[in-house]
Amino acid sequence: MTAQPPLVSVLITAYNRQQYIRQAISSVLASTYQHIEVIVCDDASTDDTLAIARQIAQMDARVTVLANPQNLGDYANRNKAAAAATGKYLKYLDSDDYIYPHSIAILVAYMEQHPDAGYAFCDNAVQDNEQPFPVQYSPAEAFKKHFLQDGLFYAGPGGTIIRRSVFVQVQGFSGKRFFGDTELLMKIALLHPVLKVQPALIWWRIHQEQEAAQERKQPVIIAERYRLMSSFLQQSPLSPAEKKKAQLVLDKLMARNIWRYGIAAMHIGNTRAMLHAAGFSVTDLRKAFYIKNKVKKMLGTAS
């Protein structure tokens, strides 16, 4: 008797995405991998997003629609969708994105071949020139790749498939806005190997209503992300020498961002806010990145 393939819970969280939600759900239902359940969790939309999702659910029994009476926010809504899931794997898809018909089948096959991996992910980058996909990284290899080479933890929920037992183990998303996805991937990578697969299994739509676009308008978020990265760096299995080297890189990047969005822009509010959020003093700033004497004049006694 042929074993039944593992169930995949595709989680689509939505807020005011009436122009995109139909295409997102339809792309999942068109998957060649058919052993799926689709959970749409609407976060108190004020447009027709919920109505469109319910219309699709009436035509396909695989679709379940949840409606929040009040807006929970991005990551709390993701946790609610995951709590309703029954599959072996969780596959998030943002309600303004699109998944290709072959993608879930590829992701499931790789996860089944690597049962110790906490999650598999793809991005939009080019091929790995050192070895063919999939590439499995141990925790030490993953953090070395991220902090000392060319980065790793940037796929976001839409680009990943997560073992549900592992998601439960790390207690899901913490709720940190803007970088809660990066935090989750790093929490899992501390405990389990992670798997990188071929790029571009998801089509990410780019528009000005996205959280990423909002983040770019708030420089202080850059400083908060720096603190998060520094925290995980110190928890990582890298050697003391590697941690020191990686921290220097983080410090320099943070200093350059303070310069770009605060000092060079002559924006005293941004400068002070970023210094505070990053835990930087003026002395730390000088050490991390050489800046001319006008820094001292502009900041005064800021620390």
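Everything numeric here is computed off the predicted structure, so don't read it as measured data.
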side-chain contact (heavy atoms from CB on, under 4.5 Å) between Q247 and Q234, intermediate numbers included: CA-CA 9 Å; Q247 189 63 58; Q234 297 311 314; 3.4 Å; yes

Please answer whether the main-chain N or O of Y261 pairs with a side-chain N or O of N270 as donor and acceptor at a distance below 3.5 Å. yes

If I compare all heavy atoms of L90 with all of A82, which pair ends up nearest, and what's the gap? CD1-CB, 4.1 Å

Any side-chain donor-acceptor pair under 3.5 Å between R163 and Y89? yes

Sub-3.5 Å donor-acceptor pair from the side chain of K91 to the main-chain atoms of V8, do we have one? no

Tell me yes or no: between the side chains of E242 and S239, is some donor less than 3.5 Å from an acceptor? yes

Give me the atom names and distance for the closest heavy-atom approach of Y137 to K145. OH-CE, 3.6 Å

I'd like to know whether NZ of K243 has more than 12 heavy-atom contacts from other residues, nucleotides or ligands below 6.0 angstrom. yes

Take a 6.0 Å sphere around CD of Q171 and say whether it holds more than 12 heavy atoms from other residues, nucleotides or ligands. no

With rounding to the nearest 0.5 angstrom, report the CG to CD1 distance, L93 to I99. 6.0 Å

Within the 4.5 Å heavy-atom criterion, are L195 and F121 side-chain neighbours or not? no

So, does R164 use its side chain to make a donor-acceptor pair with the main chain of G87 at under 3.5 Å? yes

I need the minimum non-hydrogen distance between L72 and A76, along with the two atoms involved. O-CB, 3.6 Å

Inter-residue atom distance E183.CD - K176.NZ, 0.5 Å rounding: 4.0 Å

Just so I know, are the side chains of P237 and P139 near enough to count as touching, which here means a heavy-atom distance under 4.5 Å? yes

Taking the side chain as every heavy atom from C-beta outward, state whether C41 and L11 have any atom pair closer than 4.5 Å. no

Do you know the tightest heavy-atom contact between Q136 and E141? O-OE1, 3.8 Å

Between atom OG1 of T32 and atom CD1 of I104, what is the distance when rounded to the nearest 0.5 Å? 8.0 Å

In the single-linkage hydrophobic clustering (I, L, V, M, F, W, Y; side-chain heavy atoms under 4.5 Å), do V168 and L190 co-cluster? no

Closest non-hydrogen contact found for G279 with D284 is O-OD2, 3.8 Å

Hydrophobic cluster identity match, V135 and I188, side-chain contacts under 4.5 Å: yes

Can you tell me if R54 uses its side chain to pair, donor with acceptor, with the backbone of V65 under 3.5 Å? no

Go through H192 and D116 one step at a time and tell me if the side-chain contact (heavy atoms from CB on, under 4.5 Å) criterion holds. CA-CA 7 Å; H192 301 275; D116 55 339; over 6 Å; no

Check whether any side-chain heavy atom of I258 lies under 4.5 Å from a side-chain heavy atom of L275, and answer yes or no. yes

Kindly compute the distance separating CG (N71) from CG (D42), expressed to the nearest 0.5 Å. 9.0 Å

Quick one: are I52 and R17 in side-chain contact, heavy atoms under 4.5 Å? no

Between Q23 and Y20, does the side-chain contact (heavy atoms from CB on, under 4.5 Å) criterion hold? Intermediate values first, please. CA-CA 6 Å; Q23 184 182 32; Y20 308 128; 5.7 Å; no

Are the side chain of S236 and the backbone N or O of L233 linked by a donor-acceptor pair below 3.5 Å? yes

Between L253 and I221, is there shared hydrophobic-cluster membership here, with clusters defined by ILVMFWY side-chain heavy atoms closer than 4.5 Å? no

Does the Lys NZ or Arg CZ of R78 fall within the cation-pi geometry relative to Y92 - under 6.0 Å from the ring centre and within 45° of the axis? yes

Intermediate values then yes/no, side-chain contact (heavy atoms from CB on, under 4.5 Å), V38 and I12: CA-CA 7 Å; V38 183; I12 301 177; 4.0 Å; yes

Testing the basics here: between A155 and T160, what is the closest heavy-atom pair and its distance to 0.1 Å? CB-CG2, 4.1 Å

Keeping the roles fixed (side chain from D47, backbone from T49), state whether a donor-acceptor pair exists under 3.5 Å. yes

Report the distance from atom OH of Y75 to atom OG1 of T13, rounding to the nearest 0.5 Å. 9.5 Å

What is the distance from atom CG of L66 to atom CG of D43, rounded to the nearest 0.5 Å? 11.0 Å

Heavy-atom side-chain proximity of Y15 to S95 below 4.5 angstrom: no

Anything under 30° is parallel, anything over 60° is perpendicular, the rest tilted; go ahead and classify F153 against F143. tilted

If we ignore hydrogens and angles and just use 3.5 Å, is the side chain of Y119 paired with the main-chain N or O of L185 as donor and acceptor? yes

Co-membership, hydrophobic cluster, residues L250 and F280, 4.5 Å side-chain: yes

Q18 and S45: side-chain hydrogen bond (donor to acceptor under 3.5 Å, both in side chains), yes or no, with the steps? CA-CA 9 Å; Q18 64 179 14; S45 292; over 6 Å; no

Verify, without hydrogens or angle tests, whether D150 (side chain) and H146 (backbone) share a donor-acceptor contact under 3.5 angstrom. no

Flag the pair F179 / Y226 as yes when their ring centroid distance falls below 6.0 Å, and as no otherwise. no

Does N16 use its side chain to pair, donor to acceptor, with the backbone of T46 at less than 3.5 Å? yes

Angle class for the Y100/Y98 ring planes (parallel below 30°, perpendicular above 60°, tilted otherwise)? perpendicular

Quick check: do L29 and I56 have side-chain heavy atoms less than 4.5 Å from each other? yes

Between E37 and T64, is there a side-chain donor-acceptor contact under 3.5 Å, judged purely by atom types and distance? no

Under a plain distance cut-off of 3.5 Å, with no hydrogens placed, do Q169 and S165 share a side-chain donor-acceptor pair? no

Hydrophobic cluster membership, I222 vs L248, 4.5 Å side-chain cutoff: no

Between K88 (side chain) and P6 (backbone), is there a donor-acceptor pair under 3.5 Å? no

Show the numbers, then the answer: is there a ring pair (Phe, Tyr, Trp, His ring centres under 6.0 Å) between F167 and F173? CA-CA 9 Å; F167 184 90; F173 294 98; 5.8 Å; yes

